[in-house]
Each structure stands twice: as structure tokens, then as C-alpha cells.
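Keep in mind that this is a model prediction, so the values were computed, not measured.
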Amino acid sequence: MKVLDRYLKRQRALFRTQYETPKQLFDSACEMLIKCYAVCGGERMKPGYTRRNPRLIFLVTDLILYLFVNLYSIAIVWGSLMDVVFCFVTLGIAIQGLAKIEAFTCPELNDLHQYNVAWFKVPPRFPEVEDAHFHTAAMCKVFIRILAVAFSIVAIAIYSYAILMPLVVGKLSLAFGFYLPFIDYRTPIGFAINWVYQFIQVSEGCIGLMACDTCLLFLIVNATGQMDLIIIYLRRLTELIDTNAVGQNDEKIADLIGEIVVKHLEHTKYVTDMDKLLKKQFFINFSCIIFELVASLAIVVRVRNFCLLICYLLFKQYSFIQQFPWYPGMAIALICTIQLFVNCTLGTFLSSKVSISFNLVF
């Protein structure tokens, strides 16, 4: 955490030289997010957005087709534990995608986004408020870069595996256990068609999951920013009360209490609306993530022990790759770990802000 804090401080100092206001910094982060969403047709935060756009229609159609392809693949490989579980794991990613599409393309998401944009436009009452705004906007900008790098590494690893696997093993081998019906992936043409199909799935999956997780991060970070504002106001209120010996601050105290109440009600409404929007998505998302993570790690441990991996790294025995065909599963486990870390960390961060404000009140 100390390393992250130092990194955030350096980035905040850099952003202050690049952007005149916190709103400009936040808009810059949102532009990066909208570009990621644009690939999948889910840029709900953009004015005039409609779900009836070719990119989103293609994505939904592709996911529905993928569900049938995966069920077909399960029927074909039935009897092979690793292959069946692999298909189930990748099936969970498609279910996640459909749940995220429903949640993150709703009009309510744009309402939350517009509130965040308006929040940055409000003139700061105290100098600390502008610092808090810069901190919130800087976190959005920094974390979208971090997630972009993390998901890019996973995508590159999967692409590299898909390209190198046939060259190293000496036969046509797909990265994932699903393939299109009635197209023999063991033939050059069938392999090329299935490889392109899997390439599209990986691209859409990585970009879409990154965009949705980043959008969730923006919502939670802005909620914590609202709590930072309330904490600043509570500290100012404490100072006014402590120096109110003869009642000279009564009017300021009453005005500040009223503003704190308004900020608290706005924050409560914001969190409630966010909960309504994402509640179903969270249930489906976490169920799929936990299943994918547990199933992937269980197969990794069951099929081959990690000591074989160490032997490969030490002695460069390429025949080991034939004994351990589960690298894509390990990549999926890494993606699930990143998703769980982001979701759980953000919830913990918001809870810590609530605890601080509670201690100031009582």
C-alpha cells in the first residue's frame, strides 16, 4: 500500500501540471473508458447512446452463439474431465458478459455518470475540497491505466499461447477447448477459422471485462470521493464548534450542518441507485468468477503438479508443454483473481471511508 500511495502522489503531482481542474482530469479518464466501451458498443456514458447499435448487437449475437458452441463442445468432449471443466469455465465468462451488458448499458448508469460529472463542477467551499476532487479524478485515471495493462498482459499471453502452441507441439492445437460445430479444427482451414473465432472471443472478453470493471471502479471511487467531502466538512464543523466560545459561529455551524445533511442524502441516494443497478450483476458475476477460479485451480492441481512447471523452467524440456495443456486455464484464473481483487478492494475502501466519517460524528 505504501508503494501505491507514493505512486498516486507522484501521479497527482503530474496531473496537476497537465490539467487545470479536477473535472478536466476526470473527463480525460472517462474518454479512455468510453473508447474501451466503444469496441463492444456499450458506451452508455456518451450522449445519444442507443443499445440498437451494430457493435452491441454483434456482441450479444456472438455471446448467444458462443453459448451454443460451448454446449456443443461439452457434448463432444464429454468424458474428459479437464476438457469438460474448461468448457464450463469459459461458459461462465459468457454468462458474465451477458449480465454485464444488461447492467452497464442501462439508462441508470448514465444518470450516475452525469451526477459524477456535475459533482466535479460544484465550486469548492474549502481548499481541501479541490484537493479531494483531484485525488478522486487521479485515482480514476491511474486505475484505468493499471487495469488496461493487466488485461492487456493476459490477452497477449493467451494470443502468444495460441500462436506458439502449434509450433512447439508440432500439431494444430487451439488455445481453448471450444470450437465451431461441423468444422474440423484439425485441418488447416478448420483450424484457421476456429483460431479467428477464438481470437474474437478473447478480444471482446478482455476489452469488455476491462471496461465494465473500470466503470465499476469509477462509480465506487466517486462514492468514496463523496465521503471524502463529507469528512472534510465534518472536520471543519468540529473546528467551528471548538472555537464557538461565545456563539459567534452559530450561523456558520447551522449552514454547514445543513450542507452536510444534503451531501449525506445525495451520497445515500447515489449508493442506493448504484446498488439497484448492479445488484443482480454482482450476484451473477461473483458466482461465475468463484466457480471459474475454483474449477481452473482444481484442474491445474489435479492434472499436473506445479513442480513439473519448475522442472520445465529449469531444464527447458519442451515435452513438458504436451503434459501440461492448461495455460489458458491459468490465464482465466489470473483474470478472475484480478476481478475479485478489484471488487473486494473497492468495497473495503468505501467501508473505511464510512468508518472515518462515523468516528468524526461520534
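- Side-chain atoms of Thr243 and Asn249 form a donor-acceptor pair, as typed in the model, at a separation below 3.5 Å.
- Using cut-offs of 30° and 60° on the angle between ring planes, the pair Phe286 and Phe282 is tilted.
- Between atom CD1 of residue Ile64 and atom CG of residue Leu59 there is a gap of 10.0 Å, rounded to the nearest 0.5 Å.
- Counted within 6.0 Å of CZ on Arg186, heavy atoms from surrounding residues, nucleotides or ligands total 12 or fewer; the atom is thus considered open.
- Scored by the side-chain contact (heavy atoms from CB on, under 4.5 Å) test, Leu98 finds Leu63, Leu67 as partners (sequence neighbours excluded).
- Cluster annotation: Leu234 and Phe126 are assigned to the same hydrophobic cluster (Ile/Leu/Val/Met/Phe/Trp/Tyr, side-chain heavy-atom contacts under 4.5 Å, transitive).
- Between the side chain of Asn222 and the backbone N or O of Asn116 there is no donor-acceptor pair closer than 3.5 Å.
- Between Arg55 and Asp62, none of the side-chain N atoms (NZ, or NE/NH1/NH2) sits under 4.0 Å from a carboxylate O, so this pair counts as no salt bridge.
- Here the side chains of Thr187 and Asp184 are in contact, with some heavy-atom distance below 4.5 Å.
- Within the 4.5 Å cutoff, no side-chain heavy atoms of Lys276 are placed close to those of Glu108.
- Taking every heavy atom of both residues into account, Ala99 and Gln281 meet most closely at O-CG, 3.9 Å.
- Just one of Phe120, Tyr19, Trp119 meets the ring pair (Phe, Tyr, Trp, His ring centres under 6.0 Å) condition when paired with Phe26; it is Phe120.
- Taking the six-membered ring for Trp and the full ring otherwise, Tyr270 and Tyr115 have centroids separated by under 6.0 Å.
- Taking the side chain as every heavy atom from C-beta outward, Cys36 and Met210 approach each other to under 4.5 Å.
- Residue pairs that meet the salt bridge (Lys or Arg N to Asp or Glu O under 4.0 Å) test with at least one member in residues 198-214, sequence neighbours left out, are Lys100-Asp213.
- Here CZ of Phe199 is found 5.5 Å from CH2 of Trp195. Values are rounded to the nearest 0.5 Å.
- Phe191 is connected to Val196 through a chain of hydrophobic side-chain contacts under 4.5 Å among Ile, Leu, Val, Met, Phe, Trp and Tyr, so both are in one cluster.
- The backbone N or O of Asn194 sits nowhere less than 3.5 Å from a side-chain atom of Gln198 that would complete a donor-acceptor pair.
- For the atom pair NZ (Lys46) and SG (Cys30), the distance works out to 13.5 Å, reported to the nearest 0.5 Å.
- Taking all atoms of both residues into account, the shortest heavy-atom contact from Ala103 to Leu278 is CB-CD2, 4.2 Å.
- Residue Val39 is not grouped with residue Leu217 when hydrophobic side chains (ILVMFWY) are merged at heavy-atom distances under 4.5 angstrom, including chains of intermediate members.
- In this structure, the side chains of Asp131 and His135 stay at 4.5 Å or more apart for every pair of heavy atoms.
- The same ILVMFWY cluster, assembled from side-chain heavy atoms under 4.5 Å apart, contains both Val129 and Ile260.
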_Determine whether Tyr66 and Gln201 satisfy the following criterion, side-chain hydrogen bond (donor to acceptor under 3.5 Å, both in side chains), listing intermediate values before the conclusion._
CA-CA 9 Å; Tyr66 172 75; Gln201 306 306 309; over 6 Å; no
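- In this structure the side chain of Met32 reaches within 4.5 angstrom of the side chain of Arg145, judged on heavy atoms.
- By the 4.5 Å heavy-atom criterion applied to side chains, His267 and Met227 are counted as neighbours.
- The nearest pair of heavy atoms linking Asn53 to Gly41 is ND2-O, 3.1 Å.
- Scanning all heavy atoms of the two residues, the minimum distance from Leu33 to Ile144 falls at N-CD1, 3.5 Å.
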*What's the verdict on side chain to side chain contact (heavy atoms under 4.5 Å, CB included) for Leu56 and Tyr49, showing C-alpha distance, side-chain angles and the deciding distance?*
CA-CA 11 Å; Leu56 185 64; Tyr49 172 80; 3.4 Å; yes
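- Contact between Pro22 and Ala137 at its shortest, heavy atoms only, is O-CB, 3.6 Å.
- In summary, the side chains of Arg51 and Thr105 do present a donor paired with an acceptor at a separation below 3.5 Å, with no hydrogens or angles considered.
- Inter-residue side-chain proximity for Thr21 and Phe134 is flagged as unmet; no heavy-atom pair is nearer than 4.5 Å.
- Electrostatic pairing of Arg236 and Glu128 counts as a salt bridge here, judged by a charged N lying under 4.0 Å from a carboxylate O.
- Under the 4.5 Å side-chain heavy-atom criterion for ILVMFWY residues, a single connected hydrophobic cluster contains both Leu65 and Ile76.
- More than 12 heavy atoms of other shown residues, nucleotides or ligands fall within 6.0 angstrom of atom CG in Leu265.
- Here the CD1-CE distance, from Ile146 to Met139, works out to 9.0 Å after rounding to the nearest 0.5 Å.
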*Run the numbers on Tyr197 and Val69 for side chain to side chain contact (heavy atoms under 4.5 Å, CB included), then give the verdict.*
CA-CA 11 Å; Tyr197 178 69; Val69 168; 3.9 Å; yes
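- Judged by distance alone, the side chains of Glu292 and Gln96 do bring a donor and an acceptor atom under 3.5 Å apart.
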_Assess the residue pair Lys252 and Leu256 against the criterion (side chain to side chain contact (heavy atoms under 4.5 Å, CB included)); give the C-alpha distance rounded to whole Å, side-chain angles, the decisive distance to 0.1 Å, and a yes or no._
CA-CA 6 Å; Lys252 292 181 180 179; Leu256 192 55; over 6 Å; no
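- Side-chain contact between Phe104 and Leu277 is absent, with no heavy atoms from C-beta onward closer than 4.5 Å.
- The distance from the CD atom of Gln11 to the CD atom of Gln18 is 8.5 Å, given to the nearest 0.5 Å.
- Atom-to-atom distance recorded for Lys269:NZ and Asp273:CG is 4.0 Å, nearest 0.5 angstrom.
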*Evaluate side chain to side chain contact (heavy atoms under 4.5 Å, CB included) for Tyr37 paired with Cys215, printing each intermediate quantity in order.*
CA-CA 9 Å; Tyr37 265 128; Cys215 184; 3.2 Å; yes
*Go through the steps for Arg125 and Asp255 under the test salt bridge (charged side-chain N to carboxylate O under 4.0 Å, His left out), then give the verdict.*
CA-CA 12 Å; Arg125 179 165 180 167; Asp255 180 55; 2.8 Å; yes
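- When every heavy atom of Arg12 is checked against every heavy atom of Ala138, the shortest pair comes out as CG-CB, 3.5 Å.
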